[in-house]
Enquirer: 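Below are the structure tokens for one structure; questions will follow.
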Amino acid sequence: MPLGRIILVVTIIFVAGLIVLPSTVNIFAGSHTFYDVSGNESNCEKCHADVLEELKVTEVHATVDDEAGVSGKECSICHRTNLSASKGIHAATVTSCRYCHLNASSITGAPLAGGFGLSDNENDTGTHAIHASYVYYAGRDDLMPNTTEACVGCHSNTWLEVTLNVSTGAKFVVSSNYSDSQSSFDTSMKMSNFTTYKEVVN
Amino acid sequence: MRSFIIAILIILVSALALFASIDTVTLFTGSHYLTDISSPQNDIDCTWCHSWIVDELNHSDIHSGFACEECHRMTITTNGEVIQYATHNATGTYPGNQSHAAYTPTCLDCHGGDGIYYNDTRKAKHAPPAPAFNQSDHGSNYSAHKSLVEDARDQGMSFGANEACISCHSEYTIWYEYVRPEYYNFTIEENWTVNPTNYGPDNTTKISKLEKGAKHELKPLSNITCDTCHSDVWQAINHTEDNALGTAPNSSHSIWWWGNRSDPMHDPRYVGSAYDNSTDYCLSSCHDPTVTSGTPPQVLSDQVHIARRLSCYNCHSAQTNFDVENKPGGGTYPEWNDSIHQNFEDEEKVFASPLFLHAETCIACKRAGSPQPNVQYKTWTEPNNKMYDVNNGSYI
């Protein structure tokens, strides 16, 4: 049968169907099929499948729900943990690492990220934390809540571009300090000559 | 025709899929892919963000065999300070207390005290103690660089006294500005007391210790030389020509002949022969002579860090009862004519004046032809070697 006739037949059937069918539509097919949320189940992976795929390849956080395998229940452990954080939370919170990892009484029992003086562990002084300023400025940034940017920067597989200004020299002013009977030298020091190192972590 | 239809169908299906998909994004791709840090080694590699330091260490004469953690996750310092880091290993998870990932040690955390520290694996290690500076309060006041260490410790440029250490021991660049009075005007009275008359305005001498700028690239000890930072002093010393009166070399800070007397010990012309280099000259001839016999004073017997803070009269005095090594081969006993000098080296005479005047009194007198007091001299500070006899109105 010639192709033209096939197309014609298909077109006729299509048009007839349009005429015969009732003129009602659903805006979204499936919009009257509701999930049962009484069991506190979530369906986060419907929209956030990429996140689920990341969880599947990492052992950390994949078992926060105390179950083997990644099912999607893991999302609730982090993103529905601190519902009192702010008002108007419906499905999930924009969570911060600190809710679990700086909170010794977290219901999740997450290991404390001590050493910055930020957790509620009384021994956590952070007096020698070399990355303290990194965490501090992450906390001041609004991109993610609290210090999460700093945590994600080191502890995750996020692409990172780090620019560090490093001093490669200093000025020492050595001043003679003297009286009628004594003399000595006092030295003041100031960093200078900063070199920029750009590191890309991927 | 068939391929055209197939192409149309693909486009339609793709458009439908895009239309039907949900516009969700993750803020940072990979942010839910968390690093498993439970293995014994470092799972979050320091060099991911600090790669240039690897290059510095690879070129370093010292510490090049260390992993980052050896210093930056040390667990117990030489003075017993414990640093607990966040750790996750086969035995469990341990929150950090004093630090989370890493710590900036002070050099003396390993090189202080007895040099015993515990590294990241809690293994006891030994670092050669920094002589004198490893002691409480950084040791003897006769260490020439003790004030540098104290000033470094008291300022916040780095941790502890690290600035002092890296200024000598590493490839870190330092721009020095030495601020001294331009000249000293002083009198040696008839009773041999020293009376500073006035000092000149502040004069700044700039010396650049230009290096690669690498704090983690440490120098071999033999590459640390006095004249790198004190080239102005060396410039003042290294005048082997006669002075204007022909009575002494035209040098300041050091002198090795005057009148009909000479001793090669302080002669800079032996650098490269009896003295290996200028540093050997500075230390062996003056700032850390080797005492070979007798009982030296505390200034020469205290443990110091390389160089001693002293003057001519710490060796040359009536109380001297020791011998020193004289590398060029001259006399080993620091000579002193007490009858000529009338107890000049006593506490209430030259030692009652500022230390920076001591050598000036010695050298100016000899360049002037060794007159008896009352004398007045004007001497210029390093790098200038100029001296002026005020009484006679002539340069000496």
Side-chain angles (χ1 to χ4, degrees), chain A residues 3 46-48 50-51 54-55 57-61 111-116 119 121 123-131 143-144 152 154-159 162 164 168-176 178-193 195 197 199 201, chain B residues 1 22 24 26-37 44 48-52 72 83-86 88 93 95-104 147-148 151-152 155 157 163 167 172-181 196 199 202 211-215 352-357:
Chain A
L3 182 61
K46 177 182 176 184
C47 301
H48 299 287
D50 57 332
V51 175
E54 290 180 14
L55 282 177
V57 295
T58 178
E59 291 204 13
V60 181
H61 285 183
L112 271 184
F116 289 119
S119 77
N121 181 343
N123 295 320
D124 179 8
T125 60
T127 50
H128 293 312
I130 193 174
H131 295 110
L143 184 64
M144 299 180 99
V152 165
C154 290
H155 283 275
S156 80
N157 209 33
T158 297
W159 183 91
V162 182
L164 297 109
T168 58
K171 179 176 167 182
F172 283 12
V173 179
V174 186
S175 301
S176 186
Y178 52 90
S179 66
D180 283 345
S181 59
Q182 301 284 338
S183 66
S184 61
F185 283 106
D186 295 328
T187 305
S188 67
M189 303 164 182
K190 187 176 179 183
M191 278 193 283
S192 67
N193 208 45
T195 297
Y197 292 98
E199 306 277 2
V201 185
Chain B
M1 186 63 178
I22 307 296
T24 58
T26 301
L27 191 59
F28 294 128
T29 299
S31 61
H32 288 77
Y33 182 170
L34 296 163
T35 307
D36 182 356
I37 57 172
I44 300 176
W48 291 345
C49 296
H50 301 283
S51 65
W52 79 93
H72 291 286
I83 304 151
Q84 187 170 331
Y85 305 88
H88 183 187
T93 306
N97 289 338
Q98 292 77 19
S99 180
H100 185 76
Y103 158 67
T104 301
S147 65
L148 176 68
D151 288 340
Q155 295 181 49
M157 197 183 102
E163 304 93 311
S167 67
Y172 192 59
T173 293
I174 305 288
W175 290 275
Y176 290 99
E177 290 188 6
Y178 292 98
V179 182
R180 306 180 179 93
Y199 301 126
D202 281 347
E211 308 281 6
K212 300 175 190 174
K215 290 190 281 292
S353 68
L355 183 67
F356 61 34
L357 280 187

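Chain letters run A, B, ... following the sequence lines, proteins first, then strands; residues in each count from 1.
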Enquirer: So, do B:Y176 and A:V174 sit near enough that their side-chain heavy atoms are less than 4.5 Å apart?
Expert: yes
Enquirer: Between CH2 of B:W48 and SG of A:C154, what distance do you get to the nearest 0.5 Å?
Expert: 9.0 Å
Enquirer: Excluding sequence neighbours, so at least two apart, what forms ring pair (Phe, Tyr, Trp, His ring centres under 6.0 Å) with A:H128?
Expert: B:Y103
Enquirer: Give, as side chain, backbone, both or neither, the part of B:A352 having an atom under 4.5 angstrom from any heavy atom of chain A.
Expert: backbone
Enquirer: Please flag which part of A:T195 lies under 4.5 Å from any non-hydrogen atom of chain B: side chain, backbone, both or neither.
Expert: neither
Enquirer: Could you tell me which portion of B:Y85 (side chain, backbone, both or neither) has an atom closer than 4.5 angstrom to a non-hydrogen atom of chain A?
Expert: neither
Enquirer: Whether the side chain of A:E54 engages the backbone of B:G30 through a donor-acceptor N/O pair (distance < 3.5 Å, no angle test) should be reported.
Expert: yes
Enquirer: For the candidates B:A214, B:S167, B:A102, which exhibits the highest count of non-hydrogen atom pairs separated by less than 4.5 Å from chain A?
Expert: B:A102
Enquirer: For residues B:T29 and A:T158, determine if any side-chain heavy atom of one lies less than 4.5 Å from a side-chain heavy atom of the other.
Expert: no
Enquirer: Looking at B:P354 and A:D180, what are the two nearest heavy atoms and their distance?
Expert: CD-O, 3.0 Å
Enquirer: Measuring from atom OG1 of A:T187 to atom CD of B:Q155, what distance do you get when rounded to the nearest 0.5 angstrom?
Expert: 7.5 Å
Enquirer: Are the side chains of A:V201 and B:C49 in touch, meaning some heavy atoms are under 4.5 Å apart?
Expert: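 Answer yes - side chains close enough.
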Enquirer: When the ring planes of B:H100 and A:H155 are compared, do they come out parallel, tilted or perpendicular, using 30° and 60° as the limits?
Expert: perpendicular
Enquirer: Taking side chain as everything from C-beta outward and backbone as N, CA, C, O, which of these in B:I44 sits under 4.5 Å from a heavy atom of chain A? Side chain, backbone, both or neither.
Expert: side chain
Enquirer: Heavy atoms, side chains only, cut-off 4.5 Å: are A:K190 and B:W175 in contact?
Expert: no
Enquirer: Quick one: what part of A:L112 sits under 4.5 Å from any heavy atom of chain B, side chain, backbone, both or neither?
Expert: both
Enquirer: Any idea which of A:S156, A:S188, A:S179 has the most non-hydrogen atom pairs under 4.5 angstrom with chain B?
Expert: A:S156
Enquirer: Under a 4.5 Å heavy-atom cut-off, does chain A meet the side chain of B:T104, its backbone, both or neither?
Expert: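 Backbone plus side chain of B:T104, per the 4.5 Å heavy-atom cut-off to chain A.
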Enquirer: Just jot down the side-chain hydrogen bond (donor to acceptor under 3.5 Å, both in side chains) partners of B:K212, sequence neighbours excluded, or say none.
Expert: B:E217
Enquirer: Among B:G213, B:S99, B:A152, which has the most heavy-atom pairs under 4.5 Å with chain A?
Expert: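 Top option by heavy-atom pairs under 4.5 Å: B:S99.
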Enquirer: Look up atom OG in A:S176 and atom OH in B:Y199, then write down how far apart they are to the nearest 0.5 Å.
Expert: 8.5 Å
Enquirer: Heavy-atom pairs under 4.5 Å with chain B: which of A:V162, A:L55, A:N193 has the most?
Expert: A:N193
Enquirer: What part of A:V173 gets within 4.5 angstrom of chain B, counting heavy atoms only: side chain, backbone, both, or neither?
Expert: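 Both backbone and side chain of A:V173 come within 4.5 Å of chain B.
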Enquirer: Taking C-beta and beyond as the side chain, do A:L164 and B:H50 meet within less than 4.5 Å on heavy atoms?
Expert: yes
Enquirer: Using non-hydrogen atoms only, which part of A:V57 is less than 4.5 Å away from chain B: side chain, backbone, both, or neither?
Expert: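 Backbone plus side chain of A:V57, per the 4.5 Å heavy-atom cut-off to chain B.
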Enquirer: Chain B: which of A:A129, A:G126, A:A170 shares the most heavy-atom pairs with it under 4.5 Å?
Expert: A:A170
Enquirer: Is chain B contacted by the side chain of A:F185, its backbone, both, or neither, given a heavy-atom distance below 4.5 Å?
Expert: both
Enquirer: Mind ranking B:T93, B:I37, B:I174 by heavy-atom pairs under 4.5 Å with chain A and telling me who comes out on top?
Expert: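 Ranked by contacts with chain A, first place is B:I174.
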Enquirer: With rounding to the nearest 0.5 angstrom, report the NE2 to OG1 distance, B:H32 to A:T58.
Expert: 11.0 Å
Enquirer: With the side chain counted from C-beta on, respond yes when B:P181 and A:Y178 share a heavy-atom pair under 4.5 Å apart, and no when they do not.
Expert: yes
Enquirer: Might you point out which heavy atoms bring B:P95 and A:G114 nearest each other, and give the distance in Å?
Expert: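 Smallest interatomic distance, heavy atoms only, reads CB-N, 4.0 Å.
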Enquirer: Which residue out of B:S353, B:S147, B:A86, B:P196 racks up the most heavy-atom pairs below 4.5 Å with chain A?
Expert: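 Winner by heavy-atom pair count: B:S353.
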Enquirer: What distance separates B:S51 OG from A:E199 CD, expressed to the nearest 0.5 Å?
Expert: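 Here the rounded value is 3.0 Å.
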Enquirer: Is A:N121 in contact with chain B via its backbone, its side chain, both, or neither, using a 4.5 Å heavy-atom distance?
Expert: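 Contact with chain B involves the side chain of A:N121 alone.
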Enquirer: Atom OG of A:S183 and atom CG of B:L355: how far apart are they, to the nearest 0.5 Å?
Expert: 4.5 Å
Enquirer: Flag the one option from B:N97, B:T173, B:D36, B:L148 with the top tally of heavy-atom pairs under 4.5 Å to chain A.
Expert: B:N97
Enquirer: Counting heavy-atom pairs under 4.5 Å with chain B, which one of A:M144, A:M189, A:Q182 comes out on top?
Expert: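 The option with the most such pairs is A:M189.
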Enquirer: Most heavy-atom pairs under 4.5 angstrom with chain B, which of A:T127, A:L143, A:D124, A:I130?
Expert: A:I130
